[in-house]
S.K.: 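Pasting a structure below so you can have a look.
Quick note: numbers below take in every heavy atom, side chains included, and nothing from hydrogens, waters or symmetry partners. Convention: sequence-line order gives letters A, B, ...; per-chain numbering from 1.
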Amino acid sequence: MDYKEIIASYADKPGGIIEAFHAVQSQLSYLPREVIAEAAQVFNIPVSEAYGVASFYSMFSTEPRGKNIIRICESAPCHVAGAAEVVQALERELGIFMGESTADGLFALEFTECVGQCQATPVITINGEPYLDVNAATIPGILAKYR
Amino acid sequence: MAEEMRIVLRNYGKIDPLKIEDYIAQGGYKALEKARSMSQSDLIAEVKKSNLRGRGGAGFNCGQKWSFAYGAESDIKYVVCNADEGEPGTYKDRLIMENDPQALLEGMAICAYAIGAKQGYIYCRGEYPQVIKILNQAIEQAVTKGVLADFAIEVRSGAGAYVCGEETALIESIEGSRGEPRFKPPYPPSQGLWGKPTIVNNVETFANLPAIVENGADWYASIGVPSYPGTKIFTLTGDVNNCTFFEVPTNTTIRELIYKFGGGIPAGKKFKAVQIGGTSGAFIPESQLDTPVAFDNMSTIGATLGSGAVFVVDETRDIVDVAARIAGFFEHESCGKCAPCREGTARIAEIMENINDGFGEMSDLALLKKLGRVMSVSCLCGLGQAAPAPVITTIEHFMADYQAKIL
Ligand SMILES: Cc1cc2nc3c(=O)[nH]c(=O)nc-3n(C[C@H](O)[C@H](O)[C@H](O)COP(=O)(O)O)c2cc1C
Ligand code: SF4
Ligand code: FES
């Protein structure tokens with residue numbers, strides 16, 4: 001579906017701009033300028049306000065990024081369980097630093113706070129899917145599924 | 001000694017969460033039927049008498065809150081479920097929604113009848129896409145069965161902002177805006193979602209209601225500590241043997257949580273501190289472990305019950321490093337609407353990072369305490385007011401750790 005159709009399908013939902021942004025992002029990985037302008041028009045708010053919404057929430061990105069979004073929990077329980085080693089392993093495996101995307105556009109690496117899977121720390125999510133009890137040794141196997 | 005007691009999680013593992021027939025076979029939706037046979041004011045009086053207090057952190061009497069929305073003049077009213085669950089170390093609302101979603105829907109429907117609402121929203125954090133699917137399926141089944149009558153429920157997704165757990169920020173977010181807290185008053189029961197009377201309750205609060213209506217207020221009020229009766233779900237993280245969850249009566253002590261249910265500290269190490277209620281909670285030392293977990297008992301030791309997260313650190317942990325990480329959390333999650341929090345969280349994080357990196361001075365600690373005092377009284381919402389607590393309480397109870405890094 002093209003982004004205009006996606007946004008239009010939420011037009012009747014009061015306050016539905018956040019849902020619309022989620023839907024677009026699941027296809028494009030980020031919210032390009034045209035999407036924000038289109039949403040502003042559909043939901044009848046100034047572009048600045050639509051941009052304000054897009055930039056407020058940490059799951060939205062207004063910059064292009066890799067297709068598979070890897071988020072590493074850095075909240076205290078994951079922090080003491082060794083999140084820093086997981087960060088190092090991911091950076092090494094992908095050849096990028098936190099906050100960057102791979103050149104082939106396949107992966108984006110981001111920090112997040114607690115994702116509510118704290119029964120088995122440290123935790124990462126890829127496109128919202130949680131991986132529990134991760135460590136440097138399990139990272140390559142997890143990434144292979146997305147390559 | 002306290003034993004586990006499942007009220008909220010009574011159907012955990014016993015039913016297929018995606019089969020409403022299973023829930024009904026366990027007696028589900030009988031309470032809603034009973035509620036609807038009562039007058040609205042009798043129902044609210046019963047909930048008030050049970051002394052059920054909010055499980056989302058603030059501990060407000062549930063029935064009393066409902067009576068404000070019931071009394072508010074308006075054709076349109078809303079019931080909103082707070083499923084934002086952003087407090088680090090917490091996943092109890094997810095457990096409820098994944099394992100017994102109909103209990104939540106029934107609790108919301110009881111509230112809707114009590115206050116006279118026809119529309120409900122569940123605001124579920126964006127990090128739980130699987131839960132959102134389950135909720136939508138559960139709603140579909142409830143609609144097909146006709147159990148909700150004319151009460152409609154819609155699920156809305158958050159998008160990664162801790163502050164949206166604050167009820168007025170959550171309302172802003174449902175309205176499609178930046179999730180910044182509103183000035184209060186007016187409070188949501190008089191003017192909430194789209195300016196209409198709105199009840200915002202936590203998932204665990206709603207999930208308690210079917211059992212309360214079914215078994216009566218007196219039954220519920222007799223469980224646990226009278227000032228905060230019932231059970232509470234706790235989720236254990238950090239240095240404990242059983243990193244898992246428990247539902248226990250509120251007279252359970254912190255020590256029992258860690259040693260009895262949590263199985264103690266791994267590898268024969270010694271206990272150092274526990275932070276309860278999530279990342280804004282106080283760090284509690286050994287000497288206060290015999291405190292019951294109920295709301296007011298926790299307040300008397302300067303701690304909070306909060307979400308029921310229990311984060312344990314053993315003697316080998318660097319508590320300054322942990323407190324510095326937590327300060328970073330608040331800097332990141334501050335919404336920026338008010339200056340004391342926007343600036344204050346950034347300064348606390350900066351000073352803590354300095355101390356943690358070995359560049360701190362003793363005068364920094366006095367500065368932190370002063371800043372903490374200012375923030376606790378001048379910040380607009382609970383985020384900024386509580387943000388200094390982990391730093392202040394670690395300075396208070398673990399001064400030696402700070403001294404070791406400063407000298
Ligand atoms: C920064 C902040 C975050 C909060 N996060 C949550 C949350 O994730 N879930 C929740 O139920 N309440 C949260 N609250 C409390 C809500 O504002 C509100 O008190 C609660 O939803 C009321 O429901 P209850 O009476 O059933 O507890 C938060 C409050 C603050 C200040
Ligand atoms: S205290 Fe912090 S989070 Fe709350 S309104 Fe002020 S800036 Fe926003
Ligand atoms: S603390 Fe990392 S998932 Fe909750």
Side-chain angles (χ1 to χ4, degrees), chain A residues 10-11 13-23 25-26 31 39-40 42-45 48-61 69 71 73-81 83-84 110-123 125 127-130 132-133, chain B residues 85-95 121 125-131 154 156-164 172-180 193-194 235-239 243-245 275 278-279 309 311-314 317-318 321-323 325-326 328-329 332-333 335-336 390:
Chain A
Y10 290 90
K13 231 186 227 295
I17 190 169
I18 293 172
E19 299 287 323
F21 280 163
H22 270 301
Q25 259 207 178
S26 70
L31 301 172
V42 169
F43 290 95
N44 204 16
I45 54 174
S48 60
E49 224 170 276
Y51 180 79
V53 172
S55 60
F56 182 82
Y57 296 95
S58 72
M59 291 175 82
F60 296 147
S61 172
I69 300 158
R71 309 188 93 196
C73 171
E74 59 168 345
S75 287
C78 282
H79 177 72
V80 301
E110 298 178 354
F111 276 120
T112 179
E113 295 292 350
C114 179
V115 294
Q117 302 287 345
C118 338
Q119 67 277 17
T121 50
V123 176
T125 64
N127 305 332
E129 167 128 13
L132 310 180
D133 252 337
Chain B
E85 187 151 81
E87 203 54 82
T90 311
Y91 55 95
K92 50 127 187 149
D93 294 339
R94 175 172 62 79
L95 290 172
Y121 289 92
R125 64 182 314 203
E127 288 81 355
Y128 287 168
Q130 323 84 332
V131 175
E154 187 182 327
R156 286 292 176 93
S157 170
Y162 168 76
V163 71
C164 285
E172 286 287 327
S173 189
I174 295 180
E175 292 181 2
S177 305
R178 294 163 68 88
E180 291 174 1
L193 187 59
W194 290 298
T235 49
L236 276 56
T237 60
D239 301 314
C243 276
T244 180
F245 65 92
Q275 186 188 35
T279 226
F311 173 50
V312 182
V313 287
D314 73 29
R317 298 292 181 187
D318 177 351
D321 175 66
V322 173
R325 169 73 271 282
I326 290 170
F329 170 87
H332 182 248
E333 297 298 336
C335 83

S.K.: Just verifying a value: how many Å separate A:Tyr57 OH and B:Cys164 SG, rounded to the nearest 0.5 Å?
M.R.: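 With rounding to 0.5 Å, OH (A:Tyr57) is 4.0 Å from SG (B:Cys164).
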S.K.: A:Cys114 and B:Tyr162: side-chain contact (heavy atoms from CB on, under 4.5 Å), yes or no, with the steps?
M.R.: CA-CA 9 Å; A:Cys114 179; B:Tyr162 168 76; over 6 Å; no
S.K.: Against chain A, label B:Ile174 side chain, backbone, both or neither, depending on which of its atoms sit under 4.5 Å from a heavy atom there.
M.R.: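 B:Ile174 touches chain A through backbone heavy atoms alone.
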S.K.: Using a cut-off of under 4.5 Å for heavy-atom pairs, which of B:Glu333, B:His332, B:Arg125, B:Glu175 has the most such pairs with chain A?
M.R.: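 The residue among B:Glu333, B:His332, B:Arg125, B:Glu175 with the greatest pair count is B:Arg125.
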S.K.: Just verifying a value: how many Å separate A:Phe56 CZ and B:Cys335 SG, rounded to the nearest 0.5 Å?
M.R.: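 Answer for the CZ-SG pair, A:Phe56 versus B:Cys335, is 5.5 Å.
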S.K.: How many angstroms lie between OG1 in B:Thr237 and CD in A:Gln119, if you round to the nearest 0.5 Å?
M.R.: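 Reported to 0.5 Å precision, the distance equals 10.5 Å.
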S.K.: In terms of heavy-atom pairs under 4.5 Å, which option from A:Val53, A:Thr121, A:Val80, A:Ile17 contacts chain B the most?
M.R.: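 Most pairs with chain B among the choices: A:Val80.
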S.K.: Report the option among B:Thr244, B:Asp321, B:Ile326 that has the most heavy-atom pairs separated by less than 4.5 Å from atoms of chain A.
M.R.: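 It is B:Asp321.
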S.K.: With rounding to the nearest 0.5 Å, note down the distance linking SG in A:Cys118 to CD in B:Glu87.
M.R.: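 If I round to the nearest 0.5 Å, the distance is 10.5 Å.
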S.K.: Among B:Gly89, B:Gly86, B:Pro129, which residue has the highest count of heavy-atom pairs closer than 4.5 Å to chain A?
M.R.: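 The residue among B:Gly89, B:Gly86, B:Pro129 with the greatest pair count is B:Gly89.
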S.K.: Set out, in order, the CA-CA distance, both residues' side-chain angles and the distance that settles side-chain contact (heavy atoms from CB on, under 4.5 Å) for B:Arg178 and A:Ser55, then state yes or no.
M.R.: CA-CA 9 Å; B:Arg178 294 163 68 88; A:Ser55 60; 3.8 Å; yes
S.K.: Quick check for you: among B:Gly126, B:Gly179, B:Ser173, which has the greatest number of heavy-atom pairs under 4.5 Å with chain A?
M.R.: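 The option with the most such pairs is B:Gly179.
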S.K.: State the CD-CZ distance between A:Gln117 and B:Arg94, to the nearest 0.5 angstrom.
M.R.: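 Output value for this atom pair is 4.0 Å.
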S.K.: Using a cut-off of under 4.5 Å for heavy-atom pairs, which of A:Pro77, A:Pro130, A:Ala81 has the most such pairs with chain B?
M.R.: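 Max contact count across the listed options: A:Pro77.
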S.K.: Grab the two heavy atoms, one from B:Trp194 and one from A:Pro14, that are nearest each other, plus how far apart they are.
M.R.: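 Closest pair (atom of B:Trp194, atom of A:Pro14, distance): CZ2-CB, 3.5 Å.
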S.K.: What part of A:Glu74 lies closer than 4.5 angstrom to a heavy atom of chain B: side chain, backbone, both or neither?
M.R.: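 For A:Glu74, heavy atoms of backbone and side chain both lie under 4.5 Å from chain B.
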S.K.: Kindly say whether B:Ser157 contributes a backbone atom to a donor-acceptor pair with the side chain of A:Glu19 at under 3.5 angstrom?
M.R.: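 Yes, the answer is positive, given that a donor and an acceptor are paired below the 3.5 Å cut-off.
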S.K.: Side chain, backbone, both or neither: which part of B:Val163 has an atom under 4.5 Å from a heavy atom of chain A?
M.R.: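 Contact with chain A is through the side chain of B:Val163 alone.
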S.K.: By a 4.5 Å heavy-atom criterion (distance strictly below it), what part of B:Phe329 contacts chain A: side chain, backbone, both, or neither?
M.R.: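 The answer is both parts of B:Phe329.
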S.K.: B:Ser177 versus chain A, heavy atoms under 4.5 Å apart: side chain, backbone, both or neither?
M.R.: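 Contact with chain A: backbone only.
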S.K.: Determine the option with the most heavy-atom pairs under 4.5 angstrom with chain A, choosing from B:Gly160, B:Gly238, B:Ala159.
M.R.: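 Option with the top pair count is B:Ala159.
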S.K.: For the atom pair NE2 (A:His22) and CZ (B:Arg156), what is the distance rounded to the nearest 0.5 Å?
M.R.: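 A:His22 atom NE2 to B:Arg156 atom CZ measures 11.0 Å (nearest 0.5 Å).
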S.K.: Could you walk me through whether B:Gln130 and A:Glu129 satisfy the side-chain contact (heavy atoms from CB on, under 4.5 Å) test, starting with their C-alpha distance in whole Å, then the side-chain angles of each, then the deciding distance to 0.1 Å, before giving a yes or no?
M.R.: CA-CA 8 Å; B:Gln130 323 84 332; A:Glu129 167 128 13; 5.8 Å; no
S.K.: Do you know which of B:Lys92, B:Glu154, B:Gln275 has the most heavy-atom pairs with chain A at a distance under 4.5 angstrom?
M.R.: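 Ranked by heavy-atom pairs under 4.5 Å with chain A, first place is B:Glu154.
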